[in-house]
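Counting begins at 1 with the first residue of the sequence. For ligands, and for the atoms within them, numbers begin at 1 and follow the listed sequence.
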Amino acid sequence: MATHLITGAGSGIGAAVAARLHARGDDLVLLARDAARGKQLVDRYPGSRALVGDLADPDRLSWAFSKQAVPERIDSLLHIAGIVDLGPVGELRPKTWHQQLNVNLIAPAEVTRLLLPTLRASQATVVFVNSGAGLTAHAEWGAYGASKHGLKALADALRAEEKPNGIRVTSVYPGRTASPMQAKVHSQEGKEYDPERWIDPESVATTVLMAVDLPRDAEIADLSVRPGR
Ligand SMILES: NC(=O)c1ccc[n+]([C@@H]2O[C@H](COP(=O)([O-])OP(=O)(O)OC[C@H]3O[C@@H](n4cnc5c(N)ncnc54)[C@H](OP(=O)(O)O)[C@@H]3O)[C@@H](O)[C@H]2O)c1
């Protein structure tokens, strides 16, 4: 049975991925920002385990992981958690930059670093859920786009470094996806939110699982997923 460590399993795309992997009987380790959220996730996915670590505070992840049992085998590490806060460069304060860079970029780098020996031993697949904003940053998407452009660089460097060690690295770049995050984006844009217009999180989950389940002779490096209507 494969073991998957998932961030962001509580909502949106991450919840769709976790539900699919749970339904097929795989072993889930779910990163949660605190113990209470961890308990909620374990209750939602019986048989799963929580790993507590606040991605907003990457400097403390090493300490947090050192106090818990980290899995001995990880077949896939799925970086799905993320946050967004829009605003023009002329108005974005350092706090807003730091928050998005911490959760969307530095924490995925630190979680990967801390788990790297296990990922190597397991010949793991690492998936980063990026964004269209990780390829092109439009007006008001500067801080989020910078965090996701950085996430692309992290994935590309990791892929090149760890190929000899048998680790596969995939970046998935979804367009607008119907989730609580997208509802917040619409609110910040002052637009009415109609989830029917956007990608179903289940469809993004399908692409993540495709990267994970691909036979070992191949690796999906980059995958853009656009709204189909
Ligand atoms: N929705 C879109 O249109 C869209 C488009 C392109 C890319 N993406 C990317 O797709 C990924 C998933 O987005 P989504 O739409 O599914 O978002 P979402 O519904 O808002 O879910 C975000 C998840 O990230 C977790 N998270 C946030 N801050 C955290 C922290 N400090 N520590 C631990 N976990 C934290 C949340 O945990 P809690 O459940 O505890 O709140 C939640 O489970 C993100 O990386 C996002 O940037 C989304």
Side-chain angles (χ1 to χ4, degrees), residues 5-20 28-45 48 50-61 64-65 77-86 98-111 127-138 141 143-152 154-155 170-189 191 193-205 207-208 222-227:
L5 198 155
I6 309 175
T7 75
S11 178
I13 295 167
V17 169
R20 296 267 284 274
L28 302 188
V29 182
L30 306 172
L31 185 131
R33 64 177 76 226
D34 57 34
R37 188 64 170 139
K39 183 175 181 322
Q40 286 175 353
L41 293 178
V42 169
D43 287 347
R44 193 191 300 182
Y45 304 108
S48 67
L51 181 64
V52 176
D54 185 356
L55 301 178
D57 194 357
D59 287 340
R60 287 178 65 85
L61 286 170
F65 285 14
L77 170 58
L78 309 178
H79 293 284
I80 307 179
I83 58 171
V84 67
D85 216 342
L86 303 185
H98 284 304
Q99 286 169 337
Q100 288 173 91
L101 289 167
N102 278 343
V103 174
N104 296 350
L105 173 59
I106 300 173
E110 179 65 348
V111 169
V127 179
F128 295 92
V129 174
N130 200 300
S131 165
L135 300 170
T136 309
H138 297 291
W141 289 77
Y144 177 80
S147 72
K148 293 295 192 176
H149 274 66
L151 192 66
K152 177 184 187 303
L154 166 61
T170 299
S171 289
V172 175
Y173 300 86
R176 291 183 186 244
T177 302
S179 75
M181 175 183 282
Q182 193 51 236
K184 175 183 177 181
V185 165
H186 274 68
S187 154
Q188 290 198 323
E189 292 175 325
K191 294 181 186 162
Y193 176 55
D194 175 8
E196 294 299 317
R197 286 189 62 197
W198 309 118
I199 306 170
D200 188 327
E202 291 293 336
S203 299
V204 182
T207 67
V208 170
D222 297 290
L223 192 57
S224 281
V225 188
R226 312 304 304 167

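Taking any N or O of K148, backbone or side chain, at least one lies under 3.5 Å from an N or O belonging to ligand 1. Below 3.5 Å of separation, one finds an N or O of A56 facing an N or O of ligand 1. Checked against a 3.5 angstrom limit, the closest N/O atoms of A9 and ligand 1 fall outside it. At least one N/O-N/O distance between D54 and ligand 1 falls below 3.5 Å. Annotation: P174 places no N or O atom under 3.5 Å from an N or O atom of ligand 1; distance criterion only. When only interatomic distances are considered, the shortest N/O to N/O separation between I80 and ligand 1 falls below 3.5 Å.
Between D200 and T177, the shortest heavy-atom distance links the atoms C-CG2, 4.2 Å.
Side-chain contact between V185 and L86 is present, with at least one heavy-atom pair separated by less than 4.5 Å. Looking at V129 and P174, their side chains come closer than 4.5 Å, going by heavy atoms from C-beta outward.
The distance from ligand 1 to the heavy atoms of V129 drops below 4.0 Å at these ligand atoms: 9 (C), 10 (O), 11 (C), 45 (O). Atoms of ligand 1 lying under 4.0 Å from at least one heavy atom of Y144, given by number and element, are 7 (C), 8 (N), 9 (C), 46 (C), 47 (O). Listed by number with element, the atoms of ligand 1 under 4.0 angstrom from any heavy atom of Q182 are 2 (C), 3 (O). Below 4.0 Å from some heavy atom of R176 lie the following atoms of ligand 1, by number and element: 3 (O). The atoms of ligand 1 that sit less than 4.0 Å from any heavy atom of I83 are 27 (C), 28 (N).
Among protein heavy atoms, the minimum distance from atom 16 (O) of ligand 1 is reached at I13 N, 2.8 Å. Protein heavy atom at the shortest distance from atom 22 (C) of ligand 1 is G82 O, 3.6 Å. For atom 23 (C) of ligand 1, the closest non-hydrogen atom of the protein is G8 CA, 3.8 Å. When only non-hydrogen protein atoms are considered, atom 7 (C) of ligand 1 lies nearest to N130 O, 3.0 Å. A81 CB, 3.7 Å is the protein heavy atom nearest to atom 25 (C) of ligand 1. The nearest heavy-atom contact from the protein to atom 40 (O) of ligand 1 is R37 NE, 2.9 Å. Closest to atom 15 (O) of ligand 1 among all protein heavy atoms lies S179 OG, 2.5 Å.
Nearest to atom 21 (O) of ligand 1 by heavy-atom distance, out of G38, S11, A18, A15, is S11. When G12, A36, P108, G175 are checked for heavy-atom proximity to atom 4 (C) of ligand 1, G175 turns out nearest. When the heavy-atom distances from atom 20 (O) of ligand 1 to Q100, M181, R33 are ranked, the shortest goes to M181. In this comparison of V103, T177, L55, T7, the heavy atom closest to atom 34 (N) of ligand 1 sits on L55.
Taken to the nearest 0.5 Å, the OG1 atom of T207 stands 8.5 Å off from the CD1 atom of I199. If you take CG on L135 and OG on S224, they are separated by 5.5 Å, rounding to the nearest 0.5 Å.
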CA sep, side-chain torsions, deciding dist, call: N102, L55, side-chain contact (heavy atoms from CB on, under 4.5 Å):
CA-CA 7 Å; N102 278 343; L55 301 178; over 6 Å; no

Under the side-chain contact (heavy atoms from CB on, under 4.5 Å) criterion, do K152 and Y173 qualify, and how do the steps go?
CA-CA 9 Å; K152 177 184 187 303; Y173 300 86; 3.2 Å; yes

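Each of R226, R197, M181, H186 was compared with R176 under the side-chain contact (heavy atoms from CB on, under 4.5 Å) criterion, and only H186 meets it.
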